[in-house]
Amino acid sequence: MLYNNSCEAYNQPVSFFYNKIGKPITTNWRPQDFVVVGLGVPICILIVLANMLVITAIIINRHFHYPIYYLLGNMAAADLFAGISYLYLVFHTGPWTINLTVNEWFIRGALINMSLTASVVNLLAVAVERHQTIFTMQLHSTMTKWRVVMLIVIIWLMAIIIGLVPTMGWNCVCDLSTCCTVAPLYSRSFLVSWAVLNLVAFFIMVAVYTRIFIYVRRKSQMMSPHTDQPVHNQTVISLMKTMSMILGAFVICWTPGLVILLLDGLNCSKCEVLKYEKYCLVLAECNSLVNPIIYSFRDTDMRTTYKRILCFPWRGMPQRERPSSIRFESVKTGAPPEKNGNNSPCSELVTSQTLFSQ
């Protein structure tokens, strides 16, 4: 912990900061505490399991071995990390908060900060990757696996650094007049900076995806309907719709919480931030469960891979030798897909199509 050990609040318990700022803290269990723990634990476990399923599907299915899917897998890793962070938070909140040391409180906050930062930076990386590929009318980036790995490493390094910033000194432990209400050990200046940076990142990503959509639709209208390009464009648009749904869910789930933090950082005394704090946290937590659901509904191959993992966890994925292109939502070409004689969903084979001429 990097703060001056001679400051006025050094070695004070967490309750000292809560009482100083006026945020209720008690050893008694209240109804809302039981609700938070009772709902939080199963939701967090479901988040961890669902995102482990996504990561496993991307690893074992070679049809997903493309940069965009590696980044989506990293997004699932960020969501999985968020589920673990929320689980840690659930068991260190409510009446348990009063027993935390200052270091433990900062660890709790750092885990949440890291998971959000990893998700935001990963979404930015996906937006850049999509911008680069779409404007060259490609389905997949030509980025090498080594570069993708380096990009993922950079994303997590940034998440760790930003998550540890309050612990490294940007806090109010030695300046109690700057403490905020929602997070009584955080400095208001840090809260404002962190919220603004994330909100700006949201606006940038929305602008990038809007520009890509306009470009793709304009190109689609210019193409002849008798060429192979409309099929490719339809696939690109389908992929973009999925990415936009992921981005939209992220913005919807996290923006209310960031606005609350921003208002608290600006010392808005009339905003009653504590009244909405818990609801915003629950909404942010749900985002980590939304992405696996989006993948399931939007990607046939992903959904089929899920079924095979859940039904036959001891069997490897069948490897196809024919060339394939990955897509979200199969592009209909008029021919019905082949089916295995067994009607059980667990016997479905992973199918693929060549979406445009090589």
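What's counted below: heavy atoms across the whole structure, side chains too, no hydrogens, waters or symmetry copies. We're numbering straight along the sequence, starting at 1.
For residues 249-265, the side chain to side chain donor-acceptor pair (under 3.5 Å) pairs, not counting sequence neighbours, are T181-D264.
With 2.5 angstrom as the limit on SG-SG distance, C286 and C253 do not come in below it.
Residues W194 and L258 meet the side-chain proximity criterion, which asks for heavy atoms closer than 4.5 Å. The closest side-chain heavy-atom distance from Y209 to I214 is not below 4.5 Å. A heavy-atom distance below 4.5 Å is not found between the side chains of I98 and V14. Residues I21 and F16 have side chains not in contact (no heavy-atom distance under 4.5 Å, counting atoms from C-beta outward). Side chains of M75 and S119 form a contact here, defined as non-hydrogen atoms less than 4.5 Å apart. Residues L281 and L89 form a side-chain contact, since some pair of their non-hydrogen atoms from C-beta on lies under 4.5 Å apart. Y86 is listed as a side-chain neighbour of S288, based on a closest heavy-atom distance under 4.5 Å. When side chains are defined from C-beta on, L262 counts as touching V192, because their heavy atoms get closer than 4.5 Å.
For I246, the side chain to side chain contact (heavy atoms under 4.5 Å, CB included) test picks out L72, L123, T242, M243, N291, I294, Y295, with sequence neighbours left out. Remark: C268 engages C271 in a disulfide bond (SG atoms under 2.5 Å apart) (not counting sequence neighbours).
Checked by atom type and distance alone, the side chain of T93 never pairs as donor or acceptor with a backbone atom of V90 at under 3.5 Å. Without hydrogens or angle criteria, N122 side chain to L71 main chain gives a donor-acceptor distance under 3.5 Å. Side-chain atoms of K23 never come within 3.5 Å of backbone atoms of P184 as a donor-acceptor pair (strictly under, hydrogens ignored). Formation of a donor-acceptor pair under 3.5 Å by the N171 side chain with backbone atoms of P166 is found in this model. Of the possible polar contacts, one joining the R188 side chain to the S177 backbone as a donor-acceptor pair under 3.5 Å is found. Checked by atom type and distance alone, the side chain of R108 never pairs as donor or acceptor with a backbone atom of Y88 at under 3.5 Å.
Across all their heavy atoms, E285 and C44 have their closest contact at OE2-SG, 3.2 Å. Of all the heavy atoms in F250 and F202, the pair that sits closest is CE2-CE2, 3.2 Å.
With 3.5 Å as the limit, one finds a donor-acceptor pair spanning the side chains of T305 and N61. Side chains of T97 and W105: no donor on one and acceptor on the other come within 3.5 Å.
Under a cut-off of 6.0 angstrom, the local environment of CE in M158 is sparse, with at most 12 non-hydrogen atoms contributed by other residues, nucleotides or ligands.
If you chain together hydrophobic residues whose side chains sit under 4.5 Å apart, V196 and V165 fall into the same group.
Proximity of the aromatic rings of Y69 and H65 is defined here by a centroid distance below 6.0 angstrom, and this criterion is not met. For Y70 and F64, the ring centers are positioned 6.0 Å apart or more.
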Run the side chain to side chain donor-acceptor pair (under 3.5 Å) test on W170 and S189 for me, step by step, so that the C-alpha distance in whole Å, both residues' side-chain angles and the decisive distance to 0.1 Å come before the verdict. CA-CA 9 Å; W170 198 352; S189 59; 2.8 Å; yes
